[in-house]
There are 2 protein chains.
Amino acid sequence: MNKSRVTVVDIARAAGVSKSTVSLVLQSSPLVNETTRAKVNATIRELGYVYNRGAANLRQSASSRIIGIIVNDLTNSFFAELAVGMDMVMQSAGYVQFLSNSAESVDRQREVIASMREHGIAGLIISPARGTEASDLKPLAASGIPVVAVVRNVVGAKVSTLFSDNYAGAKDAVRHLIDLGHRRIAFLGGIANTTVFAERVQGWRDALAEAGLGAPDSCVIGSTASRAGGVAAIERALSLPEPPTAALCFNDAAAFGVCDGLRTAGKEPGRDFGVVGFDDVIEAETAVPALTTVSVDPQGMGRRAAQMLLKQVNAGRVEPETIVSSVRLVVRQSCGAGLKDKTRRISA
Amino acid sequence: MNKSRVTVVDIARAAGVSKSTVSLVLQSSPLVNETTRAKVNATIRELGYVYNRGAANLRQSASSRIIGIIVNDLTNSFFAELAVGMDMVMQSAGYVQFLSNSAESVDRQREVIASMREHGIAGLIISPARGTEASDLKPLAASGIPVVAVVRNVVGAKVSTLFSDNYAGAKDAVRHLIDLGHRRIAFLGGIANTTVFAERVQGWRDALAEAGLGAPDSCVIGSTASRAGGVAAIERALSLPEPPTAALCFNDAAAFGVCDGLRTAGKEPGRDFGVVGFDDVIEAETAVPALTTVSVDPQGMGRRAAQMLLKQVNAGRVEPETIVSSVRLVVRQSCGAGLKDKTRRISA
DNA sequence: TGACAAATTTGGAACGATCCAATTATTTGA
DNA sequence: TCAAATAATTGGATCGTTCCAAATTTGTCA
């Protein structure tokens with residue numbers, strides 16, 4: 001049933017021209033006569049010809065219009081949005097993406113990179129799995145394939161990097177909680193051994209120090225960067241001898257978990273406890289209470305990353321640049337900002 | 001800087017054998033002598049050779065190890081999980097995926113399909129955008145490329161299909177609410193003009209009829225299949241002359257929105273109003289109250305879809321089959337099941 | 001040692017498109 | 001009308017791999 005595919009030669013024969021002419025038509029070259037072009041195009045439609053990009057890419061000059069995207073956790077809506085942002089840009093630029101989920105496994109990530117290389121990607125955007133080393137990206141750089149690392153950076157790797165200003169975002173968020181009258185502010189959720197975590201904690205610490213407040217280590221409660229992790233973290237936080245009255249959470253998922261945990265403990269987020277998230281995922285706005293959070297705009301970040309990569313692909317040369325994407329605190333209800341002082345109950 | 005790539009011929013020359021021998025080594029053919037194999041492999045490592053799959057796929061017999069995946073909305077965690085399930089299977093089977101987000105646009109979907117075809121995909125899994133027609137998939141089928149449609153079906157298209165038992169799931173859910181004593185049960189959220197919606201509403205309707213209860217059209221309140229849509233739907237539901245006391249929601253996202261909306265209206269989901277979702281996304285378990293929902297296991301569905309496709313790809317022939325994946329009601333707190341009768345307040 | 005089989009190795013022709021240099025067709029100008 | 005300029009078309013080599021048929025090496029046995 002699988003009739004052998006139609007090629008330029010078949011078109012050429014049917015249209016009574018040479019394969020070279022067909023090729024020129026395919027590239028909509030101005031060299032070919034209008035009448036001929038029309039005839040060839042008609043034949044193409046008629047025979048149901050499908051262009052074979054693989055064959056075209058074989059010529060050494062050509063660069064494939066395939067780019068690779070590797071994401072560490074696609075089930076996390078932050079990364080899903082990031083991928084969607086990239087997809088938008090790539091698609092309108094006429095590229096297709098190999099998109100893979102490393103699920104935080106460096107081994108899997110290595111395999112995927114190797115496979116993508118064999119398929120001749122023109123560039124790679126990677127949100128690296130935890131534990132990714134510069135050597136994992138070395139071979140790509142060596143063969144001149146542009147790489148953009150997003151969200152997390154890979155120390156020692158000479159690749160372009162795009163991440164959000166975690167430090168400033170965390171600092172702003174904590175300052176805001178301090179302005180609202182909070183004095184004991186915890187940092188909840190997230191996996192401690194990561195750059196992003198360290199940056200956010202540092203922002204938290206410095207904001208507290210600035211205000212002359214203590215930043216005890218007991219108030220930094222790591223867990224997973226998920227809803228379940230948030231529940232666990234707030235549980236531990238509330239059992240401290242001097243429990244906090246507010247918290248900056250590692251990300252929105254953890255913040256939602258913290259809200260859940262607060263309710264289980266009979267406290268209403270926003271009224272009895274200030275909660276601030278990080279990322280500003282779509283649900284943050286519609287949740288109840290609406291989540292105060294540091295907006296990172298993952299989709300926008302994905303778009304920017306894609307543009308960075310395409311710039312390098314088109315330039316044909318790799319010049320690593322690092323861009324720190326600025327963030328902005330979006331004040332909603334979960335921090336308690338909208339409430340009158342008597343309604344908010346913080347035993348400060 | 002971009003040194004011309006290393007090819008089998010380079011390896012052959014360096015190792016002092018012919019390119020044919022190198023090719024045999026690459027395919028780990030038993031024909032080649034162990035000593036030679038070792039020598040060639042050493043040279044391959046030494047020169048940093050990268051296999052060029054594009055060139056290999058050029059030979060007509062070969063089928064590419066690339067499959068396409070198109071998803072209608074990757075920002076929806078249900079579909080993200082679906083994609084992750086597929087990714088798992090494909091990756092361990094040695095395939096790479098082109099993954100694209102159609103964002104519910106048939107035009108974009110058409111472009112992506114065309115592009116994937118030009119890149120020579122061996123098969124396609126698609127969760128079709130709304131409004132997808134059989135003609136959109138026709139060319140693929142015509143060239144013998146297996147297609148599996150998931151979640152939604154495409155009427156008239158002769159492709160394999162995998163979807164969940166929406167009817168039975170909805171029916172079970174509503175029966176359960178009836179058993180809990182509810183008499184006015186609404187159907188909230190979702191876009192009315194879709195097969196999935198119709199199937200779920202039919203389940204809802206039949207369960208009510210079975211119990212001799214009315215299923216007035218005013219109790220079916222469509223909106224978007226999102227959190228925001230859920231909020232809007234419950235608002236309208238509560239303003240009905242005889243407001244419902246419980247609802248089956250189109251999906252979990254809408255169900256979360258319904259919970260949010262209930263709280264805004266001063267009602268506690270689970271206690272004052274029974275809420276049941278559909279899909280069982282990860283957050284359903286950890287939310288407060290934990291969401292009672294019809295478990296669809298999107299990741300598992302993704303895995304099954306991938307297996308269905310690979311089976312066809314390997315068999316080399318396309319024999320459309322339809323699989324209805326069974327679902328199961330997971331009872332948690334949001335329906336009010338765990339509460340004693342006096343705690344639950346339904347004015348039945 | 002020679003004949004034959006088995007084990008290895010190897011040119012060269014594909015695969016489908018591109019691109020260069022060369023050829024042929026059509027205009028243009030005096 | 002003819003040479004020169006321009007427009008349009010075309011063979012053939014090439015990209016990196018596979019695969020066939022044929023050639024070469026090695027091994028076995030009488």
Side-chain angles (χ1 to χ4, degrees), chain A residues 2-41 43-44 47-66 115 117-122 143, chain B residues 2-41 43-44 47-66 115 117-122 143:
Chain A
N2 202 343
K3 46 202 134 194
S4 62
R5 45 192 168 192
V6 180
T7 78
V8 273
V9 185
D10 299 319
I11 302 295
R13 213 185 337 256
V17 295
S18 78
K19 61 183 166 46
S20 305
T21 305
V22 177
S23 175
L24 289 174
V25 171
L26 287 175
Q27 309 169 70
S28 37
S29 152
L31 289 181
V32 43
N33 183 293
E34 274 314 314
T35 329
T36 319
R37 184 194 308 283
K39 190 171 54 186
V40 172
N41 277 326
T43 316
I44 284 176
L47 299 194
Y49 167 76
V50 179
Y51 185 83
N52 182 335
R53 276 186 200 283
N57 286 145
L58 208 48
R59 320 258 16 251
Q60 61 192 149
S61 56
S63 96
S64 84
R65 293 185 84 76
I66 303 177
S115 169
R117 240 161 58 96
E118 295 187 350
H119 280 97
I121 52 171
S143 38
Chain B
N2 202 345
K3 48 203 133 193
S4 61
R5 43 193 169 191
V6 180
T7 77
V8 273
V9 185
D10 299 318
I11 302 294
R13 216 188 330 262
V17 295
S18 77
K19 61 181 166 46
S20 306
T21 306
V22 177
S23 176
L24 289 174
V25 172
L26 287 175
Q27 309 169 70
S28 38
S29 151
L31 289 181
V32 42
N33 182 293
E34 273 315 314
T35 328
T36 318
R37 183 192 307 282
K39 190 171 53 187
V40 171
N41 277 327
T43 315
I44 284 177
L47 299 194
Y49 167 76
V50 179
Y51 185 82
N52 183 335
R53 276 186 201 281
N57 285 145
L58 207 48
R59 320 255 23 251
Q60 60 191 152
S61 56
S63 97
S64 84
R65 293 185 84 74
I66 303 178
S115 169
R117 241 162 56 96
E118 295 187 351
H119 280 97
I121 53 170
S143 38

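Letters go in sequence order (proteins before strands), and every chain restarts at 1.
- Taking atom CD of residue Glu34(B) and atom P of nucleotide dT25(D), one finds them 21 Å apart after rounding to whole Å.
- Atoms OH (Tyr51(B)) and C1' (dT17(D)) sit 7 Å apart, rounded to a whole Å.
- Counting any heavy atom pair closer than 4.0 Å across all strands shown, Thr7(B) reaches sugar-phosphate atoms only and no base atom.
- Across the protein-nucleic acid pair, Lys19(B) atom NZ and dT18(D) atom P stand 11 Å apart, rounded to whole Å.
- Considering only side-chain atoms of Arg59(A), the nucleotide from dT9(C), dT14(D), dG16(D) that sits closest is dT14(D).
- What separates CG of Leu58(B) from P of dA13(C) is a distance of 17 Å, to the nearest Å.
- Side-chain atoms of Asp10(A) come within 3.5 Å of backbone N or O of Thr7(A) as a donor-acceptor pair.
- Arg53(A) places its CZ atom 17 Å from the P atom of dG16(C), with the value rounded to the nearest Å.
- Between the side chains of Ser20(B) and Ser23(B), no donor N or O sits under 3.5 Å from an acceptor N or O.
- Taking atom CD of residue Gln27(B) and atom C1' of nucleotide dC19(D), one finds them 9 Å apart after rounding to whole Å.
- Here Val17(A) lies in heavy-atom contact (under 4.0 Å) with sugar-phosphate atoms only.
- The side chain of Ala55(A) sits closest to dA17(C) out of dT9(C), dT18(D), dA17(C).
- In this structure, of dT10(C), dG16(C), dC19(D), it is dG16(C) that holds the atom nearest to the side chain of Asn52(A).
- When the side-chain nitrogen and oxygen atoms of Ser23(A) are compared with OP1 and OP2 of dA17(C), none of them lie within a distance under 4.0 Å.
- Contact annotation: Ser18(B) reaches the phosphate of dT10(C) (side-chain N/O to OP1 or OP2, under 4.0 Å).
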Where do His119(B) and Ile66(A) land on the side chain to side chain contact (heavy atoms under 4.5 Å, CB included) test, with the steps shown first? CA-CA 9 Å; His119(B) 280 97; Ile66(A) 303 177; 3.6 Å; yes
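- For the OP1/OP2 pair of dT9(D) and a distance below 4.0 Å, the side-chain nitrogens and oxygens of Thr36(A) include at least one atom meeting the criterion.
- Closest contact between the side chain of Val9(B) and the listed nucleotides dT17(D), dC15(C), dT10(C) involves dT17(D).
- Using modelled atom types, no side-chain atom of Thr43(A) and backbone atom of Ala14(A) make a donor-acceptor pair closer than 3.5 Å.
- Taking the side chain of Tyr49(A) as heavy atoms from C-beta on, and the options dT10(D), dA17(C), dT17(D), the nearest nucleotide is dA17(C).
- Here the side chain of Ser20(B) is nearest to one of dT9(D), dG11(C), dT18(C), namely dG11(C).
- Rounding to whole angstrom units, CG of residue Leu26(B) and P of dT17(D) are separated by 7 Å.
- Residue Ile44(A) contributes atom CD1, which lies 15 Å from atom P of dG16(C) at whole-angstrom precision.
- Residues Ser143(A) and Arg117(A) have side chains that bring a donor and an acceptor to within less than 3.5 angstrom of each other.
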